[in-house]
Structures are given as structure tokens and as C-alpha cells.
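Index from 1, following the sequence.
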Amino acid sequence: MKLTSLTLLLMFSSMLLFAQNQYSIKGAVVDTAATYKMVNTTITVLNQKDSTLVKYTRATPEGTFALNNLKAGKFILMVTYPGYADYIEDFALDSAKSTKDFGNISVILKATLLEGVIIQGKAAAIKIKGDTTEFNAASFTIQPNDKVEDLLKQLPGIQVDKDGKITAQGQTVPKVLVDGEEFFGDDPTLVTKNLRADMVDKVQLYDKKSDQATFTGIDDGEKTKTINIKLKEDKKNGYFGKVEGGLGTDKFYKSQAMFNAFKGKQKFSAYGISGNTGQTGLGWGDRDKYGGSSNNMEFSDDGGIYFYGNNDDFDSFDGQYNGQGIPSAHSGGLHYENKWDSDKHAINSNYKIGSIGVEGTRDNLTQNNLSTGVTNSSSHQKFDNLMFRQKADFTYTIKLDTTSTLKIMVDGTLKNSKTRDNFISSTLRGDNSLQNSTDRELSNDGDQKLFNASALWTKKLKKKGRTLSVNVKQAVNENQTEGYLNSTSEFFNELGDKTQTESVNQFKTNNTHNQTFNSNITYTEPLSKTITLALSYGLGINNSNSDRKSFNQTASGAYDELDREFSNNFDLDQLSNQGGITFNYKKNKSTINIGTKVSDVKFQQFDAYTDKTFKRNFTNWNPQFTYQYRFSQQKSLYFGYYGNTNQPSIDQIQPIRVNTDPLNETIGNPNLKPSFRSGLNLYYNSYKILSDQYVYFSSSYSFTTNPIVNHTTTDRLGKNFYQSINLSDKSPYNYYFNFGTSRKIKPIDMSVGLNLSSNGNVNYTRVTDTVRTELNTTKSYGYSGSLNISKYKEKKYDFRISGGPSYNVISSSSRNSTNNKGWGFQGNANFNIYLPGKIQIGSDGNYQFTGKTQTFNEDLERFIWNASITKKFFKQDNLRVSVSGNDLLNQNVGFSRYASGNMVNQNSYTTIQRYFMCTISWDFSKMGGSAPTKK
């Protein structure tokens with residue numbers, strides 16, 4: 001075919017038209033103060049509609065940039081450079097304007113920003129870097145002398161309750177670090193309630209892996225939801241602190257002092273807290289530091305033995321005032337950390353001392369569903385408990401050379417506890433006739449010594465990705481407890497006649513000693529650019545002794561008659577060998593971990609009373625699989641599977657019999673077989689910078705094959721006997737789902753968020769009464785939703801409102817079970833109004849409603865309303881005088897409902913109620929520079 005002149009002309013015209021439809025931008029970036037070109041500045045083009053990335057480039061050595069082959073539309077230009085404020089500008093490309101020339105774009109250092117608006121734009125509030133979500137503190141507004149806790153409350157996806165407990169993306173955050181280091185151990189509230197918010201540069205949220213997994217890059221399944229507070233560089237020199245004191249009505253009081261001195265990488269801190277308003281100064285996750293005495297023993301998933309307390313040893317107290325009873329707490333601590341010699345050496349040390357006493361009452365209602373009918377039990381408990389504890393820990397890290405590091409950790413704890421409990425309980429049959437009644441007193445005095453030491457050595461070998469690490473741990477736990485049990489139980493027939501009386505008057509001693517040694521060696525080998533192999537081996541040795549004695553009182557009044565039925569002396573020796581293999585695949589946006597651990601455990605128990613030895617050999621299997629996909633820097637998806645073999649506990653196989661509750665006894669089952677638990681986890685988060693929209697969800701599902709469940713036998717007197725059995729044809733399961741989203745509504749400058757959650761479980765219990773044996777299935781489901789609205793108007797007002805309904809379903813397959821479905825509602829609100837004269841009025845309220853059911857025919861409702869008025873003094877507003885009222889409506893009565901086996905329970909308890917207090921607070925500081933203010 002021949003090309004005519006007309007054809008060539010048409011083709012040339014089409015090419016010109018096509019070329020004209022190619023859109024482009026260009027410009028240059030300069031520093032307004034230095035007037036030099038900004039080489040390698042990042043230039044990004046985003047869609048205005050959804051903030052998605054279109055194209056990006058970097059500036060040339062001359063500071064110029066150009067982006068070609070763009071399409072028509074509305075876009076956003078974002079210019080970023082480290083240390084400089086971001087520049088953002090909207091623009092459009094269309095047929096009338098195919099090329100946009102931005103000319104010289106001026107950027108300015110963050111440190112030199114003035115009070116007024118200097119540039120048009122805003123800093124990115126959130127960035128997602130791999131597994132870490134990073135919040136830019138400068139993008140959130142704070143008041144002078146606000147604390148870290150006030151900053152956290154503004155961050156999307158993070159909630160802080162009135163006690164300082166932090167929840168992020170639906171999960172509890174038990175650890176808060178400062179510049180990557182522990183601050184007073186792992187006590188979150190000492191960071192969040194005392195460090196000033198204006199010192200913070202970034203807040204990082206991530207799942208902290210074990211030290212070994214962090215080094216090797218191979219996931220070992222150990223993760224802790226963690227917040228890291230990164231301080232501004234100009235806030236790391238000088239000192240600051242806080243002194244606060246308050247007196248209130250009804251003998252309520254509080255006092256607090258904290259001092260911090262920072263000098264580069266040296267940090268020294270001290271604090272003291274005393275009061276009875278519920279602030280203990282101890283982390284709400286501090287159970288191991290301030291828990292009760294240890295009595296019982298149980299296998300861990302890897303075959304290890306650990307000790308745990310029971311109801312006569314203050315186990316309801318977990319180191320943080322939990323709302324039950326009236327507390328009186330006194331605590332203090334010291335912290336020091338330092339790095340030197342080009343960070344080759346680092347130390348982190350803490351010492352804490354404290355005591356707490358809690359007095360109060362607790363009432364419990366229980367409905368027991370049996371084939372013969374329903375029984376209803378009520379119990380009134382009065383408790384008076386006291387604990388004193390000292391704890392010290394020390395961590396030393398040394399970089400032996402450029403390829404190897406040694407980390408040594410040592411900690412020790414001394415505890416003393418005194419618990420006093422009195423129980424008055426009774427049980428009624430379905431026709432309201434009295435079946436039994438009990439009056440029981442328990443007292444225990446305990447001393448505990450804990451010591452832990454560990455060392456981790458890591459070595460990077462010549463080949464990239466080839467590593468070797470060795471981890472060894474030694475732990476010693478000693479307990480000495482003694483106390484008295486005095487109990488009288490009376491039993492009645494259907495006519496109301498007393499048929500039997502049982503009395504127990506005993507002196508009890510309990511001495512336990514546990515010493516463990518664990519080691520682990522991990523070797524990683526890169527098989528290719530994308531696949532890494534990890535091999536591990538671990539040796540574990542556990543030697544334990546439990547000597548429990550019960551003495552009856554004789555005619556002489558002395559407790560010198562040994563009761564062999566409730567006394568024992570066990571020696572426990574265990575040796576375990578564990579091997580593991582894991583493959584790690586990492587390419588582009590995907591990361592996969594797949595592997596398993598297998599351990600062989602040899603267990604031997606010697607009973608000194610019967611001179612018998614019980615041996616048991618078993619194998620534990622722990623497979624795992626994780627997959628993570630990063631769609632972009634601000635969007636990621638995670639899926640994980642973990643499986644583990646659960647061995648029967650010592651208490652389930654050959655129980656250490658305890659008669660502290662004569663109406664409930666446990667019977668061992670040496671024929672128990674292990675169960676296997678499988679768990680699935682799914683997480684997703686996404687953030688759009690310009691629209692300030694955050695979306696996340698987290699979910700989990702787990703089920704157990706060959707589960708170990710309770711077989712409860714109830715006799716005609718109302719006594720319960722518990723024995724563990726296997727169910728080969730049933731699989732209990734539980735699930736959890738949480739969804740959250742938040743977005744800034746720019747026209748009204750208000751943040752709106754939505755949270756939806758659901759949880760549920762299905763459990764089984766074999767129930768035997770005087771007529772028949774049946775398998776009871778208990779199902780418990782909960783559904784809830786909440787809407788969150790917040791707004792902040794600088795120096796005028798701020799408020800936050802959240803709340804929503806809930807619906808709970810508790811059902812039992814027992815033929816006499818009743819309907820326990822019911823609605824509920826939870827609501828929270830708080831506001832602050834900033835008046836002239838540095839006067840601030842604030843108020844907060846919490847509303848909780850639990851609807852009645854067929855079992856509990858009453859609505860549970862409370863509204864806790866607090867209010868305060870504060871006057872600030874001095875230029876820095878660092879002296880504050882406030883008058884506050886706690887629980888103004890006097891409705892703070894604690895309650896809860898839950899199901900267990902074939903029983904449904906309702907608890908109510910005393911707690912802190914209305915009081916008024918006058919408080920004076922003084923914040924002082926002298927830091928090396930003032931924080932720049934950006935708007």
C-alpha cells in the first residue's frame with residue numbers, strides 16, 4: 001500500500017494531537033533561608049479523590065524536577081525533605097493546561113517555623129514503616145504541661161481508659177518504651193502519666209518481638225504490643241519533674257512526686273506515690289511483680305512447670321487497683337540508664353519499692369443448672385489484704401565487636417503478703433428451701449523470693465544473613481506461706497431440718513522451691529536471596545519441690561496433728577530437649593514464615609509421703625505459619641497460624657488437694673491425654689495521609705482437639721467434686737473480631753470514628769448429679785458497637801464522646817437452663833472549656849447498663865460523673881490548683897456477669913465512691929531548648 005501525501009499529513013496531525021494530550025509538571029525546590037538547591041528532595045503526585053499515589057521522583061543536583069506522561073485530572077503535589085516542613089499544593093491538568101510549572105518551591109526548616117502560618121500544608125500525621133505505625137506528635141494539638149497519656153488519647157486506633165490502660169487496634173498494650181529502652185521496667189503508667197507530651201517527637205506502635213527474633217529476623221511467635229516514645233533531641237538535656245498533693249473528704253488523699261534528669265543518653269528518674277484514690281503507680285500488667293503467693297503447679301506448653309496462686313492467696317489483686325475494694329498504696333522507684341563509648345556499652349537499671357492494702361466486700365450470686373433442678377447460691381466475702389514488695393533489675397549490653405553483642409539481664413524480687421478473708425454463703429434449691437450454709441475464715445502470711453538471670457549472645461557471620469545466637473536463662477522461685485482455715489458447714493433436707501454439720505479448724509504451711517534452667521541456640525542460613533533457614537535447639541531442666549502440711553487442732557489447743565489427706569511433699573524433676581526448624585521467605589511485598597518446634601519431655605514426680613514415683617514422657621509439637629503482605633507503606637495485611645500441644649497439669653493428673661473451700665474439691669485423673677490447640681490470627685490496617693483516614697481490623701479464632709474439660713459431680717448435700725477428662729468428639733472454640741475506623745471531617749473540623757467488635761466461645765462440661773450424667777454445652781457470645789466523636793478548638797474547648805449498644809447471649813444445653821440474653825449500653829464523654837484568666841472547667845462521665853435476664857431479674861445501671869475546675873498560674877501554666885468531685889451521683893457500684901460450665905454468675909463489690917478533693921500540682925523543668933510550635 002502506497003502512502004499518499006494526504007495520509008502522511010493525517011498521521012502527522014494525529015501525532016501532534018497525541019503529543020498535546022501528554023500532561024507534565026516541573027519546578028525547583030529551594031530553602032528560603034539558605035537559598036540553595038535541595039538535591040534529592042522527594043516530589044510526589046497524589047490523586048485528590050482518594051490520596052492514592054500517581055507518580056513520584058527526586059530532585060536533580062540542581063534542585064529541579066519534572067514528571068511527564070501524566071493524565072488529566074485533579075492532583076496534589078507533596079514535597080518532602082528530612083528536617084523540613086512538608087509542602088502541599090492542589091493543582092489540575094486538563095486540555096487547557098497540559099503543563100504545570102510550579103517555579104521555585106520554598107521550603108523551611110521545622111525548627112525555624114514561626115507562630116503564624118508560614119506555608120500551606122501539613123505534616124503527615126501517620127506513617128506505616130513495615131510493621132511499625134508511627135504517629136507524628138507535631139500533627140496533634142496539646143496543652144502546656146500535658147502528659148504523654150493526653151497525647152495518646154488523640155491518636156487514631158488507640159484508647160486510654162481512666163486507669164491508664166492502653167488498647168491499640170483492639171489489643172492491650174502492656175509495654176511502653178522511651179527511646180527504645182524500658183523506663184522503670186515495663187511499667188506503662190509511669191511513662192504515660194508523668195513524661196510531658198511536648199517532649200515527644202514520634203510515637204511508634206508495633207509488635208515487639210523477642211530479642212532473638214529481632215536479631216535473626218525469624219518470627220518465633222513471641223510478640224508484645226508495644227508503644228515506643230521517641231523524644232525530641234532538644235529535650236534530652238536538662239531536668240523536669242512534677243509535685244502534686246491533694247486532700248479530700250472522707251479521709252481521701254493523694255500525693256505524687258517525680259524527678260527526671262536527662263543528659264544526652266544518660267537518664268535518671270525517681271518517683272514516689274502515696275494515696276487511697278486508686279492510683280498505685282504500679283503497671284496494670286504487673287501481676288508477676290505484685291501477685292499473690294504461689295501454691296499450685298502446672299505445665300506450660302513446652303513442658304515447663306510454673307506456680308500459680310489460688311483464691312486464698314489474694315490472686316484477685318494484680319498489681320493495679322482493679323476497682324474492687326478501697327485501696328491504700330505507697331510506692332517509689334529509681335531508674336538509671338546510659339550508653340557510652342560510641343554506644344558499645346549500655347546499662348538500664350531499676351529499683352522499686354511499694355506496699356498496698358485493699359479492704360472491701362464482694363457478693364456473688366451463682367445459678368447451678370442440674371438435671372434434677374436449679375440451685376441458687378449466694379456468697380458474701382469481706383477481705384483485708386496487704387502486700388509489700390521490693391524489686392531490682394539490671395541490664396547490661398556490650399558490643400564485643402562489629403559482629404557480636406552480649407546482653408545480660410538480672411532481676412530479683414522480695415515479697416511479703418498478708419491476706420484475710422471471711423466468707424458467708426448459702427445454697428437454695430429450686431423451691432427456695434435451704435440446702436447448705438457455710439461460714440469460712442482464711443488467713444495467710446507469705447514470703448516470696450524471686451531471682452532471674454539471662455544472657456543472650458548474638459553473632460553475625462561472614463556471609464550476609466548467616467547468624468548464630470545463644471540464649472540461656474536461670475530462674476529461682478521460693479515461697480513460704482502459713483495460715484489458718486476455720487470453716488463450719490451445715491446441711492439441710494427438703495423439710496428444712498439440719499442433717500449434718502462439718503467443721504474444719506486447721507493450721508497450714510506451704511513451702512515451695514522451683515529452679516529452672518533453659519537454653520536455646522539458633523542458627524540462620526540464607527538459602528537464596530529470598531529464603532532463609534533457621535535451626536534451633538533448646539535444653540531445659542526443672543527441679544521443684546512442694547511441701548504442704550495441714551495440722552488439726554488437738555485438745556491441748558495446739559495445731560500438732562498432721563492431716564495426711566490434705567498434706568503432701570512432692571519432688572518434681574524434668575528434662576526437656578527441643579528442636580525447631582523455620583523457613584523465612586521475603587520478596588517484594590510478601591513475608592512468609594513456616595516451621596515447627598518439637599520437644600521431648602521426661603517428667604518424674606516423687607511423693608515423699610507414699611514413697612511412690614510417678615513418671616511421664618511426652619512429646620510437644622508447635623507448628624507455626626505467618627504471612628504478611630504490604631500493599632503500600634500505609635497498608636498491610638497479616639495472617640498467622642500457631643498450634644501447640646497442651647499437657648495436663650499436675651493438679652489435673654495427681655492433684656495437690658486443697659480444702660480451703662470444703663464444698664468444692666478436686667479429684668485427679670492420671671489417664672488424661674494431651675490436647676492440641678490451633679489458633680488463627682488476621683490483622684489489617686490502612687491509613688490515608690491527606691484524608692486522615694485510618695482503618696484497621698483484628699480477628700482471631702482458636703479451637704482445641706481432644707480437649708481437657710471438667711467433669712463436675714454434685715451430691716445431694718450440694719457439694720461439688722471436680723475431675724478433668726478428655727472429650728475426643730468435641731472441639732471447644734473461641735473467636736474475637738474488632739473493627740475500627742476514624743476520619744477527620746474537614747468542613748466541621750471534627751474527628752469521627754466507628755468501632756465494631758464481637759467475641760464468643762463454646763465450652764463443654766460433663767455434669768453428674770444424683771439422677772443422671774449429661775454433657776453440658778455452654779455458649780457465650782457478645783456483640784458491641786460504638787461511635788466516637790471528638791473535636792479540639794485551641795484555647796477554647798475540646799470534647800470526646802463515645803458509646804454504643806451491646807448484646808450478650810449466654811446459653812446452656814442443660815435441661816433446666818434459663819434465658820440469659822440481654823442488651824447493654826456503654827457510654828463515655830468528657831469535655832474541657834478554657835476560660836479567660838487561665839481557668840479550665842472539665843467533666844467526664846461513664847454510663848454502663850446491663851439488662852435483666854431470666855436468671856438475674858434486675859437491671860444493672862450506673863453513671864459515674866466526675867467534674868473539676870482548675871486555675872493555672874505563671875507564664876508557663878505550670879502551677880495548677882483544682883477542686884474536683886469524684887462520682888458526684890454516688891453510683892459507683894461494681895458488677896459483672898459471666899458463665900462458667902453449667903453455672904451463671906453475677907458479682908458485685910464495693911469500690912471508691914463520692915468524694916471531693918482540692919489538689920495543687922506544680923510542674924518544673926529546665927531543658928536544653930524549647931520545643932518549636934507548628935501550625
With heavy-atom distances below 4.5 Å as the criterion, would you say the side chains of Val762 and Tyr735 are in contact? no

Option passing side chain to side chain contact (heavy atoms under 4.5 Å, CB included) with Thr765 (candidates Ile725, Thr712, Val709): Thr712

Asn644/Tyr642 under side-chain contact (heavy atoms from CB on, under 4.5 Å): CA gap, chis, key distance, verdict: CA-CA 7 Å; Asn644 56 274; Tyr642 295 95; 5.6 Å; no

Which residues share a side chain to side chain contact (heavy atoms under 4.5 Å, CB included) with Thr427, sequence neighbours left out: Thr375, Ser377, Gln435, Asn436

Checking Ser731 against Thr705: is there a side-chain donor and acceptor pair closer than 3.5 Å? no

Step by step, would you call Val358 with Phe383 a side-chain contact (heavy atoms from CB on, under 4.5 Å)? CA-CA 8 Å; Val358 181; Phe383 53 88; 3.7 Å; yes

Within the 3.5 Å criterion, strictly below it, is a donor on Asn364 or Thr366 matched to an acceptor on the partner's side chain? yes

Does the plane of the ring in Tyr807 sit parallel, tilted or perpendicular to the ring in Tyr783? Use 30° and 60° as the thresholds. parallel

Selection residues 848-865 - residue pairs positive for salt bridge (Lys or Arg N to Asp or Glu O under 4.0 Å), sequence neighbours left out: none

Once salt bridge (Lys or Arg N to Asp or Glu O under 4.0 Å) is applied, what residue pairs with a partner in residues 705-724 remain, sequence neighbours excluded? Glu502-Lys719

On the 0 to 90° scale, with breaks at 30° and 60°, tag the Phe703-Tyr701 ring pair as parallel, tilted or perpendicular. tilted

Going through the distances and angles, do Thr626 and Gln628 end up as a side-chain contact (heavy atoms from CB on, under 4.5 Å)? CA-CA 7 Å; Thr626 64; Gln628 184 173 33; over 6 Å; no

